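Along the sequence shown, the residues carry numbers beginning at 1. Model, not experiment: these values are computed from the prediction.
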Amino acid sequence: MRRTLRLFAAVKPARYLEPGAPTGLTGLYTHGSPRSTLLYLYSRTLEKLQQFPESSLYRQSVEALTKHRMSAVEAVEPPGYSEWAARARKIAAENPREFEVASSASADHPADRAAVLQAESGGRLFVLRTSPDPKDERLQEWDGEPDEGPGTEGLRGPEERQEHELLFIRKPLDSPEEKVHLEDEPQLTADQVEEIESKIGGGLIEEVVQTAEGELRLIDIMYEHKVWEDLEEKPVEGQWTYFER
C-alpha cells in the first residue's frame with residue numbers, strides 16, 4: 001500500500017522524495033525533514049510525561065510506545081548527517097545572536113514572528129525555524145488610535161532630520177555580510193523512509209508525524225484532567241488486565 005501511494009510523489013533521480021510533493025493522501029504532502037521533526041516531538045513527549053506519576057498507566061503505555069518509535073527513527077541516519085550536524089553546531093556557536101536560545105516549552109508556542117530558535121529537549125539540541133503565516137491587515141480590528149492624516153511636508157526640524165540620518169548610518173539586519181547560511185538538513189532516501197515506515201507500522205511517515213503531534217497536544221489535556229487519579233466509580237474486576245499482557 002505504501003509503495004502504491006509513493007508512486008504519486010515526485011522522486012528525484014538520487015532516490016530522494018521531493019518535499020511538498022503529493023503523497024497520494026488528500027491534503028498530505030511529503031515532509032521535508034521528517035526524521036528531525038519526529039525526534040523533537042518524541043523528545044518533548046518523553047519530557048512532558050515526566051510530570052505524571054510513574055504509576056500512571058497512561059504514562060507507562062505512551063512512554064513505551066514513544067521510546068520504541070524513537071529508537072526506530074534514530075537507527076536510520078541520512079547520508080552525511082553527522083558532518084552536517086557538526087557544521088550546524090559550529091555555525092550556531094559562532095552566531096549566538098542569530099540563533100535565539102529558548103526553553104523547550106516556549107519553543108512549542110513560538111512568538112508571532114519569524115525566528116530561528118535553539119531548544120534543548122531530552123539532552124538533544126534542536127534548531128527550530130518559525131515562519132508565521134502572513135496576516136491580512138484588512139481583517140485586523142481597529143485599536144482606537146486616531147487617524148492623524150498624512151505626514152507633514154516641507155522643511156523638517158532637527159529631531160526629524162536626525163531620525164532620517166539614522167537610516168543612512170544604521171547597518172541593515174539583512175545585509176549580505178551579516179547573513180548566516182545554514183544549509184538544509186540531509187534528507188532521508190526513499191528506501192530509508194520506507195524502512196522507518198515499516199518498523200513503526202503507522203502508515204506513511206507524514207502520518208506518523210501527525211500522530212506524534214497529536215499525542216504531544218493530548219498530554220497537556222490528560223495532565224489537566226489528572227488521569228492517574230482513581231475513578232469516581234470503581235472499575236469492575238479484571239477490566240484493566242489487558243495492560244498486563
Query raised in the report: Taking C-beta and beyond as the side chain, do I200 and V73 meet within less than 4.5 Å on heavy atoms?
Result: yes
Query raised in the report: Can you tell me how far the CG atom of L17 sits from the CD atom of Q192, to the nearest 0.5 Å?
Result: 11.0 Å
Query raised in the report: Taking only residues two or more places apart in sequence or in another chain, which ones pass side-chain contact (heavy atoms from CB on, under 4.5 Å) with F52?
Result: L49, S56, Y58, R59, I219, M222, Y223, V227, W228
Report summary line: Nearest heavy-atom contact between P78 and R35 is CD-CD, 3.6 Å
**Report entry** Listed partners of K199 passing side chain to side chain donor-acceptor pair (under 3.5 Å), at least two apart
**Finding:** E195
Report summary line: For Y81, the other hydrophobic cluster members (4.5 Å side-chain criterion, sorted by chain and number) are W84
Requested in this report: Using a 4.5 Å cut-off on heavy atoms from C-beta on, say whether the side chain of L25 contacts that of E207.
Outcome: yes
Requested in this report: Return the minimal non-hydrogen interatomic distance between V209 and L41, and the atom names on each side.
Outcome: O-CD1, 3.9 Å
Requested in this report: Using side chain to side chain donor-acceptor pair (under 3.5 Å) as the criterion, list what pairs up with S82, not counting sequence neighbours.
Outcome: E77
Query - Intermediate values then yes/no, side chain to side chain contact (heavy atoms under 4.5 Å, CB included), I205 and L38 - result: CA-CA 9 Å; I205 198 168; L38 285 172; 4.0 Å; yes
Report summary line: CD1 (I196) and CG (D191) are apart, to the nearest 0.5 Å, by 11.5 Å
Query - Minimum heavy-atom distance D220-K48, with the two atoms named - result: OD2-NZ, 2.9 Å
Report task. Please examine the side chains of E47 and R44, heavy atoms only from C-beta on, and report whether any two atoms are closer than 4.5 Å. Result -> yes
Requested in this report: Identify the two heavy atoms, one from P186 and one from G80, that lie closest to each other, and give their separation to 0.1 Å.
Outcome: CG-O, 3.8 Å
Query raised in the report: Which pairs, with at least one residue in residues 208-218 and sequence neighbours excluded, count as a salt bridge (Lys or Arg N to Asp or Glu O under 4.0 Å)?
Result: none
Requested in this report: For side chain to side chain contact (heavy atoms under 4.5 Å, CB included), just list the numbers for Q210 and L28, CA-CA rounded to whole Å, side-chain angles, deciding distance to a tenth of an Å, and then say yes or no.
Outcome: CA-CA 10 Å; Q210 288 184 336; L28 191 63; 3.4 Å; yes
Requested in this report: Please name all residues satisfying side-chain contact (heavy atoms from CB on, under 4.5 Å) with L65, sequence neighbours left out, ordered by chain then number.
Outcome: R69
Requested in this report: Please answer whether the main-chain N or O of Y42 pairs with a side-chain N or O of T66 as donor and acceptor at a distance below 3.5 Å.
Outcome: no
Requested in this report: Determine the minimum heavy-atom distance between P22 and T30, stating which atoms define it.
Outcome: O-OG1, 4.1 Å
**Report entry** Residue pair M70, L46: steps toward the side chain to side chain contact (heavy atoms under 4.5 Å, CB included) verdict
**Finding:** CA-CA 10 Å; M70 190 173 186; L46 295 175; 3.9 Å; yes
Query raised in the report: Heavy-atom count around E237 CD within 6.0 Å, excluding the residue itself: above 12?
Result: no
Requested in this report: Examine distances only and state if a side-chain atom of Q60 and a backbone atom of E54 form a donor-acceptor pair shorter than 3.5 Å.
Outcome: yes
Query - Distance-only donor-acceptor check, side chains E185 and S36, under 3.5 Å - result: yes
**Report entry** Side chain to side chain, Q50 and E63, heavy atoms closer than 4.5 Å
**Finding:** yes
